[in-house]
Amino acid sequence: MRTKLVALPRRAFCTHAAISGTSHIARLARLGQIDNARRVFDQMLHKPIASWNAVVSGYFQNSRPYEAREMFDRMPERNTVSWNGLVSGYVRNGMIEEARKAFDVMPERNVVSWTAMVRGYVRQGMVSAAEVLFWQMPEKNVVSWTVMLGGLIQDGRIDEARRLFDMMPVKDVVARTNMMGGYCQEGRLDEAREIFDEMPHRNVVCWTAMITGYAQNDRVDIARKLFEVMPEKNEVSWTAMLMGYTQCGRIEEASEIFDAMPVKSVVACNAMILGFGQRGEVVKSRQVFDMMREKDDGTWSAMIKVYERKGFELEALDLFAMMQREGVRPSFPSLISILSVCASLACLDQGRQVHAQLIRSHFDFDVYITSVLITMYIKCGNLVKAKVVFDRFGVKDVVMWNSIITGYAQHGLGEEALRVFQEMCSSMTLPDEVTFVGVLSACSYTGKVNEGREIFDSMKNKYLVEPQTEHYACMVDLLGRAGRLNEAMDLIKGMPVEADAVVWGALLGACRTYMNLDLAEVAAKKLLELEPENAGPYILLSNLYASKGKWTDVADLRRKMRSRSVSKSPGCSWIEVEKKVHMFTGGDSRSHPEHVGILRMLEKLGVLLRQAGYSPDGSFVLHDIDEEEKLHSLRYHSEKLAVAFGLLKIPEGMPIRVMKNLRVCGDCHSAIKLIAKVTGREIILRDANRFHHFKDGSCSCRDYW
DNA sequence: TTAGGGTTAG
């Protein structure tokens, strides 16, 4: 009697402890704390199979498949759940072959094992393999049918999916929601709505799916009506509604939804950061960001992206540094964002660091991120490194080929670009419209008129790529640079689509080079109609008037600009020194702490340049100001300030890399050529359009830009 | 402790 009394609670205690240990492990693993989960497991005296299974699954859930396998191999005994955990764990980590091996050797299979394997093939996009397995299943339940249904939908085989759906012996909410979502994806809202209306029972998930369906298909107002009447809302449904508004640019309403949400989930906050960012309300984005107590990787990358897109590159970089200080390990999406920041800001040192992180996280085998990486190296002016990364990558896709072709084009390496293009074609990768923009601009930068013409013609005939305005713009540029202005004008007249600002801009640029005032006025007039707020055409035209000494016309233009409140966007240049970016605006060096040194360097250069026979070219200054003032404003152009600072700071033998937000001015171009000569330094300047490699008194663009 | 549906991001 006594033993019984004692034994019973003891056994009850033991079992209870074991169960709670197991569920504790599972909970920790779900929270991403797999190492703590492992500690709990190690401390357990009695380890039931379930606890082993929980640890194995936990490792898989946290993307540590090798440790999961090690635990599995060490298990004293295994049941079907253990084997199923192994199969589904491999599936979850995209290791389909491993999953299949485990599936083939497992001693006993049940519906779960089969379904996990079918799901694995679906996840890999191997839908036919999934179908084969599905029809071999000894027994199926609603879940297995639903997995197969999802596979067909994912494959875009929506009508086949419907046939399968009709064959299902039992349909529950999940299956119906799947079918409904499939129709929504295809834009077949009526069929989706029919399934929704005929559902015997609806839950939050299917209401949300229907709302998303309407929102994604430009029916956000219908979505809102459903949202108002749905019986129960959760964070996800609020977020879906919010997204519906942000995606169609209705930020006011998105913001209202956001304010009304009882619980502001991380996802909703992230969406709102991006939503405000879209409209350029960067401060509001930041307010949401600062308000969040809990942030995920998406939060950081959203805020970084907003900064990057809206031209707050330094803030983006600061935030990335802060993220790392707070110990947040950047994962795939934020690394992509920050690589784009590095590319647009051209901070090579930061970019290199990110590259190292990619290698450490094994992301360097991804085609997509590698293309971003190549672009980053190119935009930082490090073509050699870009090519090394490119060559090392195995099977390349169009985007990667495009990155390197466009890169060569921007650096003025026309021959190389064309060679890579040939290589691409013989590698059986079909060029797309982006490829041709790269190839044609390569021809244009190197003056290969005939090659360009041939390629332009082959686009349609050989590669079945319809030329778009960008391609016409390239051709206008190509002909225009070669001085064939009338041919360029004829091409524009013959365009099947309306010429846009880029096309007219190309013509205007060529008119500037060849001093053709008549055509310039035609192009500029068109441009002022198309983009009245853009300062570019005013400036080009006024430079043209100025260089012909027509100061009354210059004054007229300036009056027009003022009355339409158009202002010249201030030119600025920057340079990275020891992982810090230094920004300079024209005429203003005083804001920099080392302005005294910079001015002294400029004085010194001035003497050296005059000795080398340099005379400043005042035609590049917009205003009709007196000669001396003009020369003064030339001397302090932002690119010159940045170059001077680079000469002070960058060690001898290292190239000086300077970036500018506008096109380099002609005077600076000739000055920097000479600076490269008299100082014996290599200077790489990235302007808004392309790269200039200055060495020994000449530039890689051969004065043709 | 193992298999299915709705929200963000590149």
Side-chain angles (χ1 to χ4, degrees), chain A residues 18-19 21-23 25-27 29 41 48-58 60-61 78-89 91-92 106 109-120 122 140-151 153 172-182 184 203-213 215-216 234-244 246-247 265-275 296-306 308 331-340 366 368-369 371-372:
Chain A
I19 287 175
T22 302
S23 59
I25 291 171
R27 199 172 50 239
F41 174 80
I49 296 194
S51 65
W52 283 90
N53 292 345
V55 176
V56 172
S57 297
F60 274 126
Q61 267 175 47
R78 301 171 191 102
N79 57 19
T80 310
V81 174
S82 326
W83 281 97
N84 287 345
L86 190 68
V87 173
S88 66
V91 164
R92 187 194 276 270
M106 64 192 288
R109 295 180 199 113
N110 61 17
V111 207
V112 176
S113 343
W114 283 88
T115 309
M117 202 56 230
V118 173
R119 169 82 175 138
V122 169
K140 307 177 183 74
N141 63 16
V142 213
V143 180
S144 353
W145 282 92
T146 310
V147 167
M148 195 60 247
L149 183 74
I153 292 172
D172 63 5
V173 217
V174 181
R176 287 171 204 271
T177 308
N178 244 304
M179 192 66 237
M180 208 186 78
C184 289
N203 60 16
V204 207
V205 178
C206 82
W207 276 93
T208 309
M210 194 67 240
I211 287 174
T212 306
Q216 307 280 17
N234 65 12
E235 287 165 31
V236 180
S237 25
W238 280 93
T239 311
M241 193 63 243
L242 189 152
M243 293 291 311
T246 54
Q247 273 165 4
S265 66
V266 177
V267 176
C269 294
N270 296 355
M272 211 54 233
I273 290 176
L274 291 167
D296 70 359
D297 188 65
T299 315
W300 293 93
S301 64
M303 195 62 233
I304 290 172
K305 187 184 161 194
V306 167
E308 187 239 336
S331 66
F332 196 81
S334 56
L335 284 172
I336 288 189
S337 293
I338 204 63
L339 262 188
S340 321
D366 185 272
Y368 178 28
I369 203 157
S371 294
V372 184

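So you know, we letter chains A, B, ... as the sequences are listed, proteins then strands, and number each from 1.
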Select one nucleotide: of B:dG4, B:dG10, B:dT7, the one nearest the side-chain heavy atoms of A:Arg119. B:dG4
State the CD1-OG distance between A:Ile25 and A:Ser57, to the nearest 0.5 angstrom. 11.0 Å
What I want to check is whether an N or O donor and acceptor connect the side chain of A:Asn203 with the base of B:dG6 at under 3.5 Å. no
Hey, mind stepping through A:Cys184 and A:Thr212 against side chain to side chain contact (heavy atoms under 4.5 Å, CB included) and telling me if it holds? CA-CA 8 Å; A:Cys184 289; A:Thr212 306; over 6 Å; no
Counting only side-chain heavy atoms from C-beta out, which of B:dG4, B:dT2, B:dT8 sits nearest to A:Val81? B:dT2
Taking only the side-chain nitrogens and oxygens of A:Lys305, find out if one of them lies under 4.0 Å from OP1 or OP2 of B:dA9. no
Provide, to the nearest angstrom, the distance between the CG atom belonging to A:Leu242 and the P atom belonging to B:dT7. 14 Å
Check every atom of B:dT8, B:dG6, B:dA3 against the side chain of A:Ser237 and return the nucleotide holding the closest atom. B:dG6
Answer yes or no: is there a side-chain heavy-atom contact under 4.5 Å between A:Val205 and A:Val173? no
When you get a sec, tell me which of B:dT7, B:dG5, B:dG4 is the closest nucleotide to the side chain of A:Thr239? B:dT7
Please report the interatomic distance CD1(A:Ile49) to CG(A:Asn79), rounded to the nearest 0.5 Å. 4.5 Å
Return the nearest nucleotide to the side chain of A:Arg92; candidates are B:dG6, B:dG10, B:dA3. B:dA3
Would you kindly give the CG-to-C1' distance between A:Asn234 and B:dG5, to the nearest whole Å? 13 Å
Please pick, from B:dG6, B:dT2, B:dT7, the nucleotide with the shortest atom-to-atom distance to any side-chain atom of A:Asn84. B:dT2
In whole Å, I'd like the distance from the CE atom of A:Met210 to the P atom of B:dG6. 14 Å
Looking only at B:dT8, B:dG4, B:dT2, the nucleotide nearest the A:Val142 side chain is B:dG4
Is A:Ala26 touching bases, backbone alone, or none of the nucleic acid, heavy atoms closer than 4.0 Å? sugar-phosphate
Is A:Asn110 reaching over with its side chain to a backbone N or O of A:Ser113, donor-acceptor style, under 3.5 angstrom? yes
Quick check on B:dT7: is either OP1 or OP2 less than 4.0 Å from any side-chain nitrogen or oxygen of A:Gln247? no
Expressed in angstrom and rounded to an integer, what is the separation of A:Asn53 atom CG from B:dA3 atom P? 11 Å
Which is true for A:Val118 with a 4.0 Å heavy-atom rule: it touches a base, it touches only sugar-phosphate, or it touches nothing? nothing
Can you find a heavy atom in the side chain of A:Val143 that is under 4.5 Å from one in the side chain of A:Val111? no
Using whole Å, what does the distance between atom C1' of nucleotide B:dG4 and atom CD1 of A:Ile153 come to? 11 Å
Here the distance between atom P of B:dT2 and atom CE of A:Met106, to the nearest Å, is 14 Å
Counting the atoms with a prime plus P, OP1 and OP2 as sugar-phosphate, which does A:Ala268 contact under 4.0 Å by heavy atoms, base, sugar-phosphate, or nothing? nothing
Quick one: A:Met272 CE to B:dT8 P, roughly how many Å, whole number? 14 Å
With a non-hydrogen cut-off below 4.0 angstrom, is A:Thr212 in contact with a base, only sugar-phosphate, or nothing? sugar-phosphate
Starting from P on B:dG6, measure out to CG on A:Asp172 and report it in whole angstrom. 14 Å
Return no unless some side-chain N or O of A:Arg176 is found under 4.0 Å from OP1 or OP2 of B:dG5. no
To the side chain of A:Ala54, which of B:dT1, B:dG4, B:dT8 is closest? B:dT1
Side chain A:Asp297 and base B:dA9 donor-acceptor under 3.5 Å: no
Considering every strand and a 4.0 Å limit on heavy-atom distances, what is the contact class for A:Leu274: base, sugar-phosphate, or nothing? sugar-phosphate
